Amino acid sequence: MGYKAAMIVLGIETSCDETAAAVVEADSAPVGRLRANVVRAQLAEHARFGGVVPELAARAHVEVIDAVVRRAMDEAGLDFDQLDGVAATGGPGLIGGVIVGVTTAKAIALATGKPFLAVNHLEAHALTARLVEPVAFPFLLLLVSGGHCQLLAVEGVGRYTRLGTTIDDAVGESFDKTAKLLGLGFPGGPAVERAARTGDPRRFDLPRPMWRKPGCDFSFSGLKTAVRVVAQSLTPSDAQGIADLAACFQRTVGEVLADRCANALVMFRDRLGADAPRPVPLVVAGGVAANAYLRARLSELAATRDAVLVAPPPALCTDNGAMVAWAGLERLLLGQRDGLDFAPRPRWPLDESAHAVIGRSGVGAGVKV
Amino acid sequence: MPRETSIRQPRSGAAWRVLAIDTCFARCAVALAERREAVTVVASEAEAMTRGHAAALTPMIEKALHDSAWLAPDLDLVAVTIGPGSFTGVRIGVAMARGLAMTLRVPVAGVTTTDALFLGAAAADRVGADGALVAAIESGRDDYFMAIDGASPFAGTPSALATRLGDRCAILIGDGASRLAGALRALGVQASVGVSSPSIDPARLAAHALHRGVEFWARRDPPRPLYLRGADVTLADGARTTADLVR
């Protein structure tokens, strides 16, 4: 018999447009080992519509989730009864897909008698850094994705305090919309980043919403409008103009994120007082955290503010099963598990005491087009 | 998916054991049955609900297993209704069945909801050659999901059904039976509501799956949901359309 880690957990992620499953193992947290990580994107299903179509996403998940899980188990070289737990994203997200992943995880848990864990998708992003690096609590988290844009003080598993959030669009959403305006395709994040490489980031002055305002809330809808106005002045064949605008947009986002994080670091230290670590770990997570330019920009900021940027590898920033498995494993190590009667949650804030800021505009976590 | 199912003999010994699941409509229902010489239903649970199947289904299966003193690994087969019906409900059933099948390495028996209704049809409703037995399911829209005399289901309006029926009279079963009967009569078709239960009986589904035999299902691909309708898509300009998976 070889060495057996204390915990081996399967994680399933189906809350948006990736069907994903992964296996992680660890004796303790932080830092675990990734045994398998299978991600099956649904790009062809949604690219033709320029955004994720919830019903199509759910249909695609249910067709392949078992094969994706089977492949992850095969790559890990494990049988189901060697697992210590089965985790799935239980929300927030596109509920049709979440239901497919949760039901599959419950089936495995029921068939094997292993604990089931319903993982908050945002918590999975929040804890991902601890899968790969020895980041201790507390830390400051910048969570930036297609559906979310928040700064949180993370003081432990399940202990999140929201310091700031977007009052309108998520930052990933603004990348997607910019890409659409510039005709760069879907998904927008990688497309804008690619176009920006050959652009002049100083050619256009775009507004920096919330810049230098107190607190650390975000706003991106004004920036989107400004990009639209400039884009309309460009001809579609003006490749350099498009690259310049992409670069200016990305620079502006970088400046806004850095400004907001600078304020959040002050708020974090005020909150933690003498318990604030030095340097403060500034953990970045979510799909937008895969952007190399933004990572570099945040790293510069951290260096000047007695903080250190911790960014998971890009493949673990975008949606994946490893982060779900890891969050499940962290909770399992604390003796937690969920009932097989768990009801999937389309909305599930990390900080349940924080009030909804964008509910009134009708923009919800459940719709990402 | 590769299948490594041993189907030569029952896992628990003398009897073939099946779990049947139906979550396609406003009910969550499961049954356990086994086949020795004959088929015996050992547990059956059903609860009316318009939503909440995703939360209710697994505990319901657990309870049925517990009440029967069966363990999940004793199962040789999982049977499930694959639609047409509620899109979300169909996916809950199919995801559960395929998830169990993957983990336990057993086949899945996928049965359409209209076939499942026909399985439960009372003898009195099985009319002669001049009449048709029609399974009618509310689709949530103006049309219905329907099937005639055990044939494949289709989505259609009452007049489309009338055309298919020709001069035959119709006995209707299923949750859309009474509304559709009225619509057919308005079109001049002789139609009446059958005496059969308007709901799918998971015990009938279980028995059907066992009668076909585990080997029969093992030769088939895992079932896919049957929607009979594309996904609703709202385009950037606000226009609406429907789409199916590309794949």
Side-chain angles (χ1 to χ4, degrees), chain A residues 12 14 42-51 53-71 73-74 79-81 83 86 90 95-114 116 177 180 339-344 367 369, chain B residues 1-4 19 21 23 51-63 65 71-75 78 82 87-106 108 222-225 227 229-237 241-247:
Chain A
I12 293 174
T14 54
Q42 303 175 355
L43 281 181
E45 302 296 349
H46 307 294
R48 57 196 161 131
F49 302 113
V53 178
E55 173 64 19
L56 277 183
R59 290 186 180 196
H61 287 308
V62 76
E63 303 255 334
V64 299
I65 183 62
D66 51 358
V68 167
V69 168
R70 175 70 73 91
R71 209 176 114 207
M73 294 299 290
D74 286 348
D79 288 329
F80 287 102
D81 54 13
L83 295 171
V86 186
I95 193 65
V98 171
I99 285 174
V100 169
V102 163
T103 303
T104 301
K106 287 180 179 180
I108 299 166
L110 177 68
T112 57
K114 305 292 182 178
F116 162 73
K177 285 175 179 166
K180 219 169 185 171
L340 292 176
D341 61 348
F342 172 82
V367 180
V369 173
Chain B
M1 182 179 307
R3 209 179 274 117
E4 298 145 66
L19 162 69
I21 299 168
T23 53
R51 48 190 14 210
H53 302 71
L57 176 60
T58 319
M60 199 176 270
I61 298 171
E62 263 189 318
K63 180 175 185 302
L65 287 170
L71 299 173
D74 295 340
L75 296 171
V78 181
I82 61 166
F87 296 168
T88 299
V90 168
R91 280 192 288 268
I92 291 167
V94 170
M96 175 56 70
R98 285 177 55 159
L100 286 170
M102 164 184 65
T103 314
L104 298 170
R105 296 177 189 271
V106 299
V108 182
R224 304 169 50 202
Y227 300 106
R229 180 179 285 153
D232 288 332
V233 180
T234 305
L235 301 173
D237 61 3
T241 183
T242 61
D244 290 307
L245 294 178
V246 174
R247 171 207 48 85

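If you're wondering where the values come from, they're calculated on a predicted model, not measured in any experiment.
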(message) Tell me the closest heavy-atom pair linking E45(A) and D244(B), and the distance in Å.
(response) OE1-O, 4.3 Å
(message) Run the side chain to side chain donor-acceptor pair (under 3.5 Å) test against R51(B) and tell me which residues pass, sequence neighbours left out.
(response) none
(request) Please report the closest heavy-atom contact between R48(A) and A243(B), naming both atoms and the distance. (result) NH1-CB, 4.1 Å
(request) Look up atom CG in L110(A) and atom CG in L57(B), then write down how far apart they are to the nearest 0.5 Å. (result) 9.0 Å
(request) Check E55(A) against A231(B) and note the closest heavy-atom contact, atom names and distance. (result) CG-CB, 3.2 Å
(request) Measure across R91(B) and G96(A) and return the closest heavy-atom pair with its distance rounded to 0.1 Å. (result) NE-O, 4.4 Å
(message) Can you give me the closest heavy-atom contact between M96(B) and A107(A), atom names plus distance?
(response) SD-CB, 3.6 Å
(request) Compare every heavy atom of D79(A) with every heavy atom of R105(B), then report the nearest pair and how far apart it is. (result) NH2-OD1, 4.3 Å
(message) Below 4.5 Å, heavy-atom pairs only: which of A58(A), G113(A), A60(A) has the largest tally toward chain B?
(response) A58(A)
(request) Kindly write out the residues that satisfy salt bridge (Lys or Arg N to Asp or Glu O under 4.0 Å) with D232(B), not counting sequence neighbours, or none if the list is empty. (result) R141(B)
(message) Side chains of M102(B) and I108(A), heavy atoms from C-beta outward: is any pair under 4.5 Å?
(response) yes
(message) Can you tell me which portion of L235(B) sits under 4.5 Å from chain A's heavy atoms? Options are side chain, backbone, both or neither.
(response) side chain
(request) Can you tell which part of V102(A) gets under 4.5 Å to a heavy atom of chain B, answering side chain, backbone, both or neither? (result) neither
(request) Identify which part of L75(B) has an atom lying under 4.5 Å from any heavy atom of chain A, answering side chain, backbone, both or neither. (result) neither
(request) Report, as yes or no, whether the 6.0 Å neighbourhood of atom CZ on R71(A) holds more than 12 heavy atoms from other residues, nucleotides or ligands. (result) no
(message) I'd like to know if the side chain of K106(A) reaches the main chain of G99(B), judged simply by a donor and an acceptor atom lying under 3.5 Å from each other, with no hydrogens or angles considered.
(response) no
(message) Counting only non-hydrogen atoms closer than 4.5 Å, does A95(B) touch chain A with its backbone (N, CA, C, O), its side chain (CB onward), both, or neither?
(response) both
(message) Please classify the contact of F80(A) with chain B as side chain, backbone, both or neither, using a heavy-atom distance under 4.5 Å.
(response) side chain
(request) Heavy-atom pairs under 4.5 Å with chain B are the metric here; pick the option from L56(A), V100(A), I99(A) that has the most. (result) L56(A)
(message) Taking every non-hydrogen pair under 4.5 Å, which of L104(B), V90(B), V233(B) racks up the most with chain A?
(response) V233(B)
(request) First locate atom OG1 of T58(B), then atom CZ of F116(A), and finally report the distance between them rounded to the nearest 0.5 Å. (result) 8.0 Å
(request) May I ask you to name which of A111(A), A109(A), P344(A), A44(A) has the most heavy-atom pairs under 4.5 Å with chain B? (result) A111(A)
(request) Measure the spacing between OG1 of T103(B) and NZ of K114(A) and express it to the nearest 0.5 Å. (result) 12.0 Å
